[in-house]
**Q** 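I have a structure I would like to understand better, so I am pasting it below and will then ask my questions one at a time.
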2 protein chains.
Amino acid sequence: MNYVDINEVPAFSTSLPMQLYRALDAIMPEYRNLFYKYDLTEQQWRILRVLWTENNITVARLSKITLLPAPSLVGILDRLIKKNLLVRNRSEKDRRQVQISLTTKGQELQQLVAPSVLAIHSRLKARLSNEEWQSLERLLQKFSV
Amino acid sequence: MNYVDINEVPAFSTSLPMQLYRALDAIMPEYRNLFYKYDLTEQQWRILRVLWTENNITVARLSKITLLPAPSLVGILDRLIKKNLLVRNRSEKDRRQVQISLTTKGQELQQLVAPSVLAIHSRLKARLSNEEWQSLERLLQKFSV
DNA sequence: TCGACATAATTCATATATGAACTATATTAA
DNA sequence: TTAATATAGTTCATATATGAATTATGTCGA
C-alpha cells in the first residue's frame, strides 16, 4: 500500500542532486576564498563576470545568464552599486527595463581577479582528460534542457 | 602585465560551476514542488531522508551527510522539531553532542513522500543509459574527493 | 482608444548560506 | 592534576534563495 521498497530507493548520497551538490561543495570554497580577497561574494562575481563579456544588459537577462533569481538580484546589484562597480539605468525604449552597466572601477576589477580564477579553472581542468570533459558536459546538458 | 587573453578564458556558461548549477537549476524545481505539498523545504527533506535510513545521529554527522552547514542546521532542526517531526537529545556519552531522532510522525512521513520522490528519480534515471550514469558518477566523483 | 492581459523589476515574508565568534564539554600534555 | 588545546553545537551579522504579491509600463484585441 504505497510502501517503498528500500532496495529500490537509491542511497541518498548517490542521488543526482546530492552528487551535484557534493561536486560544488568540493570546488567552490577555493573560488570563494579568492573572491573574498577582493571583497566579492560568489554571486557578485558572477554578475561582474557576465558584464565583462556583455556589458549594459537588462536585469532579466542578467538573471537568466547567472541563474540568480530576480528578487536576489535586487540586493546583489544594490551592493555592487554601493561599491561603485556598476550602475542602473532605466531603459529609454522600454521604461520597465533596467540596464546594468560596469563603471570604470568595475571594468578594472577584471584584470585583478580574472587571472586567479583562470588558474583555479586550469587546475580543475587538469583533473580530467579532454574526452572526459566533453563527456561530462554532454551528460550534464541532458538535464539542463 | 597580467592581462587575461579572452580567448583562453572559458565562456562563463561553460565553466564547471555554472554547468553544475544549471543542471541543479533544471532538476530541483520538480523536487521542491513535491516537498512543498508536504510543507517541507528541500533542506528539511534532506534531513528527514537521512534519518529515515540512519536514525538517531549527531548534528555533526547530519551536517556531513546532508552537506548542510552546521549554523543552518540549527534553524532547520528547530523548524522540524516545531513541526513535531523529530527531537533533539543531548548525548550521555559526550555531553557536547546532540542526537537527532525521528518522531513517529517524522517516520510516517516517509511513506507519504518517498514514492513520489522515487518517481521523479526514475524519470531522471530514464534520461541516461546505465553506462552514461556510471560515467557521470565517476566523473563527478573526481572533484568531490 | 479603452480595458484585459502580459511583462520587468521590485518588495515582502520566510528560509537558508557563510564565516567569525562564542559556550560548554572533552582531551591532552607537562 | 591543571593549563592549553580541541571539539560539538550554537549564536551572530550579513548575504542570498524562494515563492507570492505589487508597481509601473507595454501590448493587444474588441
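Note on naming: letters A, B, ... go to the chains in the order of the sequence lines (proteins, then strands), and numbering restarts at 1 for each one.
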**Q** If you assign each of A/Glu42 and A/Pro71 to its closest nucleotide in DNA chain D, which residue comes earlier from the 5' end?
**A** A/Glu42
**Q** Taking for each residue the nucleotide of DNA chain C with the nearest heavy atom, is it B/Arg46 or A/Arg61 whose nucleotide lies nearer the 5' end?
**A** A/Arg61
**Q** Counting just side-chain N and O atoms, does A/Arg32 come under 4.0 Å of either OP1 or OP2 of C/dG19?
**A** no
**Q** Determine yes or no for a side-chain-to-main-chain donor-acceptor pair under 3.5 angstrom, with A/Gln99 supplying the side chain and A/Asn89 the backbone.
**A** no
**Q** For A/Asp94 and D/dT23, what is the distance between atoms CG and C1' respectively, to the nearest whole Å?
**A** 14 Å
**Q** C/dA8 P sits how many Å from A/Gln99 CD, rounded?
**A** 12 Å
**Q** Ignoring backbone atoms, establish whether A/Arg95 has a side-chain N or O less than 4.0 Å from OP1 or OP2 of D/dG26.
**A** no
**Q** So do the side chains of B/Leu48 and B/Leu102 get within less than 4.5 Å of each other, counting heavy atoms only?
**A** yes
**Q** May I have the distance from A/Arg96 (atom CZ) to D/dT23 (atom C1'), rounded to whole angstrom?
**A** 12 Å
**Q** Quick one: is D/dA17 close enough that its OP1 or OP2 comes under 4.0 Å of any side-chain N or O from B/Gln43?
**A** no
**Q** Does a side-chain heavy-atom distance below 4.5 Å link B/Arg22 with B/Gln19?
**A** yes
**Q** So, B/Thr103 side chain and B/Asn84 main chain: donor-acceptor pair closer than 3.5 Å or not?
**A** yes
**Q** What nucleotide among D/dT16, C/dA8, D/dT10 has an atom nearest to a side-chain atom of A/Ala60?
**A** C/dA8
**Q** Just to confirm, is there a sub-4.0 Å distance from OP1 or OP2 of C/dT16 to any side-chain nitrogen or oxygen of B/Gln44?
**A** yes
**Q** Figure out the CZ/P separation between B/Arg90 and D/dG9, and round it to whole Å.
**A** 8 Å
**Q** Would you check if A/Leu24 and B/Leu24 make a side-chain contact, meaning some heavy-atom pair closer than 4.5 Å?
**A** yes
**Q** Given atom NZ of A/Lys64 and atom P of C/dA8, what is their separation to the nearest angstrom?
**A** 11 Å
**Q** May I ask you to verify if any side-chain N or O of A/Thr41 is less than 4.0 angstrom from the OP1 or OP2 atom of D/dA15?
**A** no
**Q** Could you give the CG-to-P distance, from A/Leu40 to D/dA15, as a whole number of Å?
**A** 12 Å
**Q** What does B/Arg88 touch in the nucleic acid at a heavy-atom separation under 4.0 angstrom: a base, only the sugar-phosphate, or nothing?
**A** sugar-phosphate
**Q** Using a 4.0 Å heavy-atom cut-off, does B/Thr58 contact any base of the nucleic acid, only the sugar-phosphate backbone, or nothing at all?
**A** sugar-phosphate
**Q** Would you classify B/Leu73 as touching base, sugar-phosphate or nothing, given that sugar-phosphate means primed atoms plus P, OP1 and OP2, and contacts are heavy atoms under 4.0 Å?
**A** nothing
**Q** For a quick check of understanding: with a heavy-atom distance under 4.0 Å over all strands, which category does B/Val74 fall into, base, sugar-phosphate or nothing?
**A** base
**Q** Check the angle between the aromatic planes of B/Phe35 and B/Trp45 and answer parallel, tilted or perpendicular using the 30° and 60° thresholds.
**A** parallel
**Q** To the nearest Å, give me how far apart CG (A/Leu24) and P (C/dA17) are.
**A** 13 Å
**Q** Quick check on DNA chain C: between A/Ser72 and B/Glu92, whose nearest nucleotide comes earlier from the 5' end?
**A** A/Ser72
**Q** Whole angstroms only, please: what is the CG-P distance between A/Leu68 and C/dA9?
**A** 14 Å
**Q** Indicate, with a heavy-atom threshold strictly under 4.0 Å, whether A/Ala70 touches base, sugar-phosphate, or nothing.
**A** base
